[in-house]
Amino acid sequence: MDNLAIARVLAEIGDLLEIKNENPFKIRAYRNASETIAHHPDRVAALAPAERLALPGIGKDLAAKIGELVDSGAIAYHQDLLQEFPPTILDLLHLQGVGPKTVALLYHQLGIRTLDDLEAALREGRLRGLKGMGAKKESQMLRALEERTRVAGRRLIAEAYDTAAALVATLREEAPGAVIALVGSLRRGCETCGDLDILAAGAPATLMEAFTGYRQVERVLAHGDTKSSVRIWGGFQADLRLVPGPSAGAALQYFTGSKAHNIVLRDRAIQRGFKLNEYGLYRVDDGALVAGETEEAIYEALGLALVPPELRENRGEIAAAEARSLPQLIVQQDLRGDLHMHTTATDGRADAWAMARAARDSGLEYIAITDHSKALAMANGLDERRALAHAREIRALDGRDDLGGLRVLAGIECDILPDGRLDLAADCLSELDIVIASVHSALDQDESQMTDRLLRAIECPWVDVIAHPTGRRILRREPSRARMDVVFDSALAHGVALEINCQPDRLDLDDGLARRARDRGIGIVIDTDAHSPTALGNLRWGVTVARRAWLQAADVLNTRPFDSFRASLRRNRGAR
DNA sequence: GCCGTTTTCGGCCCGACTGTTTTCAGTCG
């Protein structure tokens, strides 16, 4: 049982308890535990009971319930709740504007248990007369039902960012003197995003009209003096909050989150005799303002160094900020090379020269061209003969004047076949400058097959890097079932580096795995896997993952100067 | 249900907007 499966059951218990109108703090306990487990780097199912008990927010009771779930596949308490409420009732809870109280009311008064039930009841006017149900509520629910499928779920950060950046640019034109910033999960650099949170500090009240009147707005969901929500064409919800200029820092902090980070911070404020909200940090005694204009001042007043937004997840950053031991996070300018990209030789859109030129123009000092191998027939993958001929052409680009002296390595992205063999012969791989190996097929292998497959690839002496190690596609495909802790051990022993792939729907390794790999001492590379010159711009998303993984420049091999990077490759270290 | 530099009991983060209300409950972030 993987962490997400455990987390889902605990979250479901939380939802059901909420419908049941249970103690809100008990509900929070289940949700906290769910979050903790979803983000835990190790398989919680494989932990000893005492180790589970040591996890934050997991006490005797929850540890026992998790044990029950892992051992028997179910939690009796959960099953009992599902006797009381049908599981389909949870779909209702996720409708916009419908919360636990409404769900309970609908269920108890009208026996509504599914979305279809609700729609039928609405159309028959059966909600009228229920407490708190008026005409507007009725049409709000009907609209939520219609929109449910279209706007359901989350979106990739890259997609959200473009939409948000355009909106922010428009608002800045409206209020040039104000602080206008993206906040929320986008500012923290989360891989997906549910809505676009925007903050304006010190802006005139007319900015709100500019926001609700933005040309891309499909519908205004809420419209107040300090807070409004709109639906953007294409399905995003955007929220704008207006605060006074002197509250800029407090509001930035508050709305950036995460919720877990903020709860800890506010608790810390209370312990020190303060109160923290989106307007400032106040002394409880006399209500005096202590800090508010900058985030840094707020953290300082709480005895903390400023925590970078990407780390605000309550995963150890508070303790590090207190000890003044926060990492100096990597920035995009630290990267000197990109070791994974494709050309027209296989499924890329541009030839090697054009990719090299674009890389040079973006400021890189070196690249590796790594087209696909023959197993990827669909992509016109290279066999040994073509791979070596391609390599000769690529090497002819190395250091050329019209490429500004860019160093160009001839490599390959070699498929790892289902049995773990490499797709190309060793005497071909040995001729290349760099080999990255990756899995593109048979992604549904079981745990032992996929683990053995990766181990066997790592044992091949000519493999330098494993690309997109888990094979996940965000929002579309789960990570492979490989036991990553075992894969990490082997990668470390053999000197193989692991990739953070920058394609916005891969971001693989993810932040949690990348952090753990680094902690083990494994070399990390950040690569675009670009199939076109513009895709080289995706480097920023990989850097974002690296920052969320607490990585510093020194942890990432392609921040090194070319000669040093090259010497760090497994084939050049005599590590085989 | 968790947790402890005041604690093993009694706390647990905070505020805005909407709709249906005549002072507030529900929802959301």
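Side chains included, hydrogens not; waters and symmetry mates left out as well; all remaining heavy atoms used. Chain letters run A, B, ... following the sequence lines, proteins first, then strands; residues in each count from 1. Worth saying up front: this structure is predicted, and the values here are computed from it rather than measured.
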> Base, sugar-phosphate or nothing for Pro24(A)? Non-hydrogen atoms, less than 4.0 Å.
nothing

> For the C1' atoms, the ones on dC9(B) and on dC14(B), what distance do you get once it is rounded to whole angstrom?
25 Å

> So, OP1 or OP2 of dC14(B): does either fall under 4.0 Å of a side-chain N or O from Tyr282(A)?
no

> Tell me whether the OP1 or OP2 atom of dG29(B) has a side-chain N or O from Gln237(A) closer than 4.0 Å.
yes

> Reckon Ser229(A) has a side-chain N or O less than 4.0 Å from the OP1 or OP2 of dC28(B)?
no

> Using heavy-atom distances to pick each residue's nearest nucleotide on DNA chain B, tell me which of Gln140(A) and Tyr30(A) is more 5'.
Tyr30(A)

> Can you find a side chain N or O atom of Lys259(A) that sits less than 4.0 Å from OP1 or OP2 on dC28(B)?
no

> Considering only atom C1', compute the distance from dT21(B) to dG26(B) and round it to an integer number of Å.
12 Å

> How many whole angstroms separate atom CD1 of Ile27(A) from atom C1' of dT27(B)?
14 Å

> When all nucleic acid strands are considered with a 4.0 Å heavy-atom cut-off, which category describes Asn262(A): base, sugar-phosphate, or nothing?
nothing

> Has Lys227(A) got a side-chain N or O lying under 4.0 Å from the OP1 or OP2 atom of dA16(B)?
no

> With a non-hydrogen cut-off below 4.0 angstrom, is Gln271(A) in contact with a base, only sugar-phosphate, or nothing?
nothing

> Would you mind classifying the nucleic acid contact of Leu95(A) as base, sugar-phosphate or nothing, using non-hydrogen atoms under 4.0 angstrom?
sugar-phosphate

> Would you say Lys275(A) reaches dG15(B)'s phosphate, i.e. side-chain N/O to OP1/OP2 under 4.0 Å?
yes

> Just the rounded figure in Å: distance from P of dT20(B) to NZ of Lys131(A).
13 Å

> One thing to verify: whether Asp267(A) and Arg272(A) come together as a salt bridge, which I'm taking to mean a side-chain N less than 4.0 angstrom from a carboxylate O.
no

> Contact class for Ile58(A) vs. all strands (heavy atom < 4.0 Å): base, sugar-phosphate, or nothing?
sugar-phosphate

> Can you check the Arg188(A) CZ to dG29(B) P distance for me, whole Å?
13 Å

> Run the side chain to side chain donor-acceptor pair (under 3.5 Å) test on Asp334(A) and Gln332(A) for me, step by step, so that the C-alpha distance in whole Å, both residues' side-chain angles and the decisive distance to 0.1 Å come before the verdict.
CA-CA 5 Å; Asp334(A) 290 327; Gln332(A) 188 169 346; over 6 Å; no

> Check the distance between dC28(B)'s C1' and Asp239(A)'s CG and give it to me in whole angstrom.
9 Å

> Base, sugar-phosphate, or nothing for Arg28(A), non-hydrogen atoms under 4.0 angstrom?
base

> Give Ala135(A) one of three labels, base, sugar-phosphate or nothing, depending on what nucleic acid heavy atoms sit under 4.0 Å from its own.
sugar-phosphate

> Which nucleotide, in any strand shown, forms a Watson-Crick or G-U wobble pair with dT8(B), with both distances under 3.5 Å?
none

> Tell me whether Arg547(A) is salt-bridged to Glu310(A), with the criterion being a basic N under 4.0 Å from an acidic carboxylate O.
yes

> Quick check on dC14(B): is either OP1 or OP2 less than 4.0 Å from any side-chain nitrogen or oxygen of Asn277(A)?
no

> For the base of dG1(B), is there a side-chain donor-acceptor partner from Tyr77(A) under 3.5 Å away?
no

> Going by an N to O cut-off under 4.0 Å, is there a salt bridge joining Arg472(A) and Asp505(A)?
no

> Is Asp267(A) touching bases, backbone alone, or none of the nucleic acid, heavy atoms closer than 4.0 Å?
nothing

> Can you say whether a donor on the side chain of Asn23(A) sits under 3.5 Å from an acceptor on the base of dG1(B), or the other way round?
yes

> Carefully, step by step, assess Asn314(A) and Glu35(A) under the rule side chain to side chain donor-acceptor pair (under 3.5 Å).
CA-CA 11 Å; Asn314(A) 194 24; Glu35(A) 283 289 308; over 6 Å; no

